[in-house]
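Just so we're clear, the structure is a prediction, and the values are computed from it rather than from any experiment.
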Amino acid sequence: MTAKISYDEVEVGTELPAQTFPVTRATLVRYAGASGDFNPIHWNEKFAVEVGLPDVIAHGMFTMAEAIRVVTDWAGDPAAVVEYGVRFTRPVVVPNDDLGATVEVSAKVAAKLDDQRVRVDLIAMCAGQKVLGMSRAVVALA
């Protein structure tokens with residue numbers, strides 16, 4: 001597979017379709033099982049509070065994975081992402097209710113690079129705060 005977006009069709013400033021990702025305690029339990037990361041800060045409220053957190057928090061790698069979906073959905077091929085990195089700036093706090101938390105992700109093309117590649121900068125927000133910093137992906141386009 002290859003990216004469905006043509007390099008020639010993209011300009012610096014092109015905005016990718018934003019997405020919103022719900023995160024509940026059930027989501028975190030499923031992710032813990034799939035990833036093998038059973039750290040109790042991700043599922044045990046009592047433990048999370050005892051270590052100084054406001055509540056249970058989402059796995060950083062889960063948050064990172066949800067955010068890049070904006071790019072992979074836009075490109076049409078997950079393999080088109082050839083580099084991806086973030087800094088974790090704030091945790092995604094997930095309350096024990098029916099709503100959980102919501103991660104809102106937007107992205108735009110920040111630079112056109114050589115070899116039909118672009119750099120995409122992402123912004124991931126939860127409860128009005130940036131949860132990922134320096135979130136950038138390099139994407140190989142058609």
Side-chain angles (χ1 to χ4, degrees), residues 1-7 9-113 115-142:
M1 290 177 55
T2 59
K4 298 186 185 339
I5 303 292
S6 168
Y7 180 84
E9 296 172 15
V10 175
E11 308 223 358
V12 170
T14 298
E15 293 186 16
L16 285 59
Q19 294 188 46
T20 300
F21 303 99
V23 185
T24 64
R25 295 280 179 95
T27 307
L28 300 182
V29 170
R30 286 192 297 275
Y31 182 81
S35 68
D37 182 351
F38 294 102
N39 186 325
I41 64 172
H42 303 303
W43 56 270
N44 184 317
E45 184 174 337
K46 181 179 181 289
F47 183 85
V49 170
E50 285 175 356
V51 298
L53 296 168
D55 205 333
V56 165
I57 62 170
H59 303 73
M61 296 303 286
F62 170 81
T63 305
M64 188 177 174
E66 290 288 76
I68 197 64
R69 287 175 56 191
V70 168
V71 178
T72 59
D73 289 355
W74 170 74
D77 179 9
V81 176
V82 296
E83 289 180 37
Y84 179 43
V86 306
R87 288 195 179 149
F88 301 105
T89 56
R90 286 191 168 73
V92 173
V93 178
V94 183
N96 190 19
D97 59 19
D98 294 334
L99 301 176
T102 301
V103 177
E104 300 165 343
V105 182
S106 60
K108 69 178 178 178
V109 174
K112 291 186 86 167
L113 310 172
D115 297 330
Q116 309 253 128
R117 296 175 183 212
V118 295
R119 189 186 90 218
V120 176
D121 291 352
L122 298 92
I123 298 174
M125 305 285 290
C126 182
Q129 297 189 322
K130 198 179 221 184
V131 295
L132 298 176
M134 299 293 292
S135 185
R136 295 180 174 168
V138 175
V139 185
L141 299 179

Please tell me if the side chains of Arg119 and Val109 come closer than 4.5 Å, counting only heavy atoms from C-beta onward.
no
Could you check if a side-chain atom of His59 sits within less than 4.5 angstrom of a side-chain atom of Leu28, using non-hydrogen atoms only?
yes
Do Met64 and Phe88 have side-chain heavy atoms sitting under 4.5 Å apart?
yes
Would you call Leu53 and Ile41 a side-chain contact if the rule is heavy atoms closer than 4.5 Å?
yes
Measure the spacing between CZ of Arg90 and CD of Gln129 and express it to the nearest 0.5 Å.
4.0 Å
Closest non-hydrogen atom pair, Ala3 against Ala142
O-CB, 3.4 Å
Would you say Asp73 and Gln19 are linked by a side-chain donor-acceptor pair, where the criterion is simply a distance under 3.5 Å?
yes
Are any of the side-chain heavy atoms of Leu132 and Thr63 separated by less than 4.5 Å?
yes
For Asp55, does its backbone N or O pair with a side-chain atom of Glu45 as donor and acceptor, under 3.5 Å?
no
Assess whether side chain to side chain contact (heavy atoms under 4.5 Å, CB included) is satisfied between Val120 and Tyr84, documenting all intermediate values.
CA-CA 9 Å; Val120 176; Tyr84 179 43; over 6 Å; no
Spacing of Ile123 atom CD1 and Glu104 atom CD [to the nearest 0.5 Å]:
11.5 Å
Can you find a heavy atom in the side chain of Arg25 that is under 4.5 Å from one in the side chain of Trp43?
no
Is the closest side-chain heavy-atom distance between Asn44 and Val56 below 4.5 Å?
no
Mind listing the closest non-hydrogen atom pair of Val94 and Gly100 along with its distance?
CG1-CA, 4.2 Å
Pair Val103, Val92 - check side chain to side chain contact (heavy atoms under 4.5 Å, CB included), show working.
CA-CA 8 Å; Val103 177; Val92 173; 4.0 Å; yes
In terms of ring plane angle, is the pair Tyr31 and Phe62 parallel, tilted or perpendicular, where the classes change at 30° and 60°?
perpendicular
Do Arg117 and Val82 have side-chain heavy atoms sitting under 4.5 Å apart?
yes
